[in-house]
Amino acid sequence: MSLSDREMPVRDPLEGLTATGQIRTGAGIERIPVRYVDLLDAAVQRVGRDESDASVYVYGSVATGAARSPQSDVDLLTVGVSMDRAASIGRSLSTEFSALCRGVEIAAAMTDDFRGDDDEAYGARVFLHHYCVRLAGPEIDRATSPFPGDRRAARGFNGDIARHLARWRQRLGDSDAGVLGRVVARKTLLAVAGLASVHDAVWTTDRSDAVERWSQASPDLADGLDELLDWSAQRSSATSVRLAHHLATTVEQIADQFAADVGLWPT
């Protein structure tokens with residue numbers, strides 16, 4: 001279960017490290033704005049019609065209370081629902097609640113995604129524990145204490161950056177450059193956040209913060225990171241030429257730095 005398609009678009013002012021180095025975020029059931037309750041209830045009901053034992057979580061800006069209506073997306077995670085069904089429910093809710101939010105994105109996972117000692121499962125457990133708020137269904141989060149905000153957590157979140165780079169290169173020319181550019185930017189800048197977190201002994205998933213920090217650590221990447229940030233925030237759209245350029249330069253360098261400083265998932 002990769003973070004590549006997950007969006008945490010609004011800065012969480014509570015995200016960081018505790019005094020003892022554990023991850024801290026502002027996600028909490030008490031912080032969910034009242035205006036989103038009807039949408040969340042509808043999501044839970046529709047998931048329950050198909051899979052009565054499925055779990056539903058909300059994450060992102062709605063979970064931290066930082067969402068801005070109607071600009072923000074509503075991000076949900078289901079455990080035990082097929083990807084096709086999750087996407088279908090997300091499209092239906094996006095249409096029904098278009099006046100409330102930009103869209104409803106529903107990620108689909110299975111219980112096995114959170115089991116095991118590999119980096120991917122570890123990162124999924126960190127994400128579930130610190131960024132997700134359960135709305136319905138069995139509690140999948142078994143952690144009884146916070147996770148350290150360290151190299152392993154950063155690798156669990158984005159140790160697949162080289163795998164994604166290889167896939168993006170294969171898709172170049174066959175996909176809409178603007179759409180693919182935003183996907184590339186979102187994932188790459190999350191990897192930059194991991195690099196900055198390890199380098200500065202902090203913890204952040206905020207893309208703007210990551211670009212600012214890593215532009216200071218690697219000034220030669222500053223212009224490229226700024227352009228990726230614009231694509232991520234939809235302030236501009238990628239062209240085929242610019243996308244090919246960044247895959248061969250900025251993104252490749254980030255993947256190489258991540259491999260050297262944080263580590264990658266085994267192939």
When rounded to the nearest 0.5 angstrom, what is the spacing between [atom1] in [X] and [atom2] in [Y]?
X    : Y    : atom1 : atom2 : value
L165 : F258 : CG    : CZ    : 13.5 Å
R102 : S94  : CZ    : OG    : 11.0 Å
R85  : D50  : CZ    : CG    : 4.0 Å
E51  : D53  : CD    : CG    : 8.0 Å
R182 : Q234 : CZ    : CD    : 4.0 Å
E212 : D226 : CD    : CG    : 10.0 Å

Using modelled atom types and a 3.5 Å cut-off, is there a donor and acceptor pairing between side-chain atoms of [X] and backbone atoms of [Y]?
X    : Y    : result
D150 : R152 : yes
R155 : G263 : no
D230 : S236 : no
S197 : A193 : yes
S215 : V211 : yes
T25  : H130 : yes
T95  : R91  : yes
R207 : R186 : yes
R125 : G116 : yes

Under a 4.5 Å side-chain heavy-atom rule over Ile, Leu, Val, Met, Phe, Trp and Tyr, are [X] and [Y] clustered together?
X    : Y    : result
L135 : V47  : yes
I106 : M110 : no
L229 : L243 : yes
L77  : L93  : no
F114 : V58  : no

Side-chain heavy-atom pair [X], [Y] within 4.5 angstrom cut-off:
X    : Y    : result
D41  : V37  : yes
P148 : L17  : no
V241 : H245 : no
S175 : W168 : no
E120 : D160 : no
E227 : H246 : yes
S237 : W231 : no
P70  : C101 : no

(message) Set out, in order, the CA-CA distance, both residues' side-chain angles and the distance that settles side-chain contact (heavy atoms from CB on, under 4.5 Å) for R31 and L14, then state yes or no.
(response) CA-CA 12 Å; R31 293 194 174 91; L14 296 180; 3.3 Å; yes
Between [X] and [Y]: side-chain donor-acceptor atoms closer than 3.5 Å:
X    : Y    : result
S208 : R11  : no
S218 : Q257 : yes
Q22  : W203 : no
T204 : D209 : yes

(request) Go through R24 and E15 one step at a time and tell me if the salt bridge (Lys or Arg N to Asp or Glu O under 4.0 Å) criterion holds. (result) CA-CA 5 Å; R24 179 191 67 234; E15 184 183 46; over 6 Å; no
(request) Begin from the C-alpha positions of L221 and W214 and carry the test side-chain contact (heavy atoms from CB on, under 4.5 Å) through to its verdict. (result) CA-CA 8 Å; L221 292 176; W214 206 243; 4.1 Å; yes
(message) Using the side chain to side chain donor-acceptor pair (under 3.5 Å) definition, which of the options D112, D118, T111 pairs with R115?
(response)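 So, applying the side chain to side chain donor-acceptor pair (under 3.5 Å) to R115 and each of D112, D118, T111, only D112 qualifies.
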Which heavy atom in [X] sits nearest to a heavy atom in [Y], and how many Å separate them?
X    : Y    : result
I140 : Y57  : N-OH, 2.9 Å
V81  : A108 : O-CB, 3.4 Å
A210 : V192 : O-CG1, 3.6 Å
I254 : A191 : CG2-CB, 4.2 Å
V202 : A196 : CG2-O, 4.0 Å
V133 : G28  : CG2-N, 3.5 Å

(request) Check the angle between the aromatic planes of Y131 and F127 and answer parallel, tilted or perpendicular using the 30° and 60° thresholds. (result)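 Y131 vs F127 ring planes: parallel.
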(request) Kindly determine whether L39 and E96 satisfy side-chain contact (heavy atoms from CB on, under 4.5 Å), including the steps that lead there. (result) CA-CA 9 Å; L39 186 160; E96 182 176 345; over 6 Å; no
(message) Applying side-chain contact (heavy atoms from CB on, under 4.5 Å) to K187 and N158, what does each step give before you reach the verdict?
(response) CA-CA 8 Å; K187 177 63 177 179; N158 292 293; 3.0 Å; yes
(message) Please evaluate residues D141 and R134 with respect to the criterion salt bridge (Lys or Arg N to Asp or Glu O under 4.0 Å), reporting the C-alpha separation (whole Å), side-chain torsions for both, the decisive distance (0.1 Å), and the verdict.
(response) CA-CA 9 Å; D141 179 18; R134 184 170 63 94; over 6 Å; no
(message) One pair to check against side-chain hydrogen bond (donor to acceptor under 3.5 Å, both in side chains): R35 and S69. What are the steps and the verdict?
(response) CA-CA 9 Å; R35 61 182 174 274; S69 179; 4.6 Å; no
(request) Go through E252 and R169 one step at a time and tell me if the salt bridge (Lys or Arg N to Asp or Glu O under 4.0 Å) criterion holds. (result) CA-CA 11 Å; E252 183 174 288; R169 283 173 167 158; 2.4 Å; yes
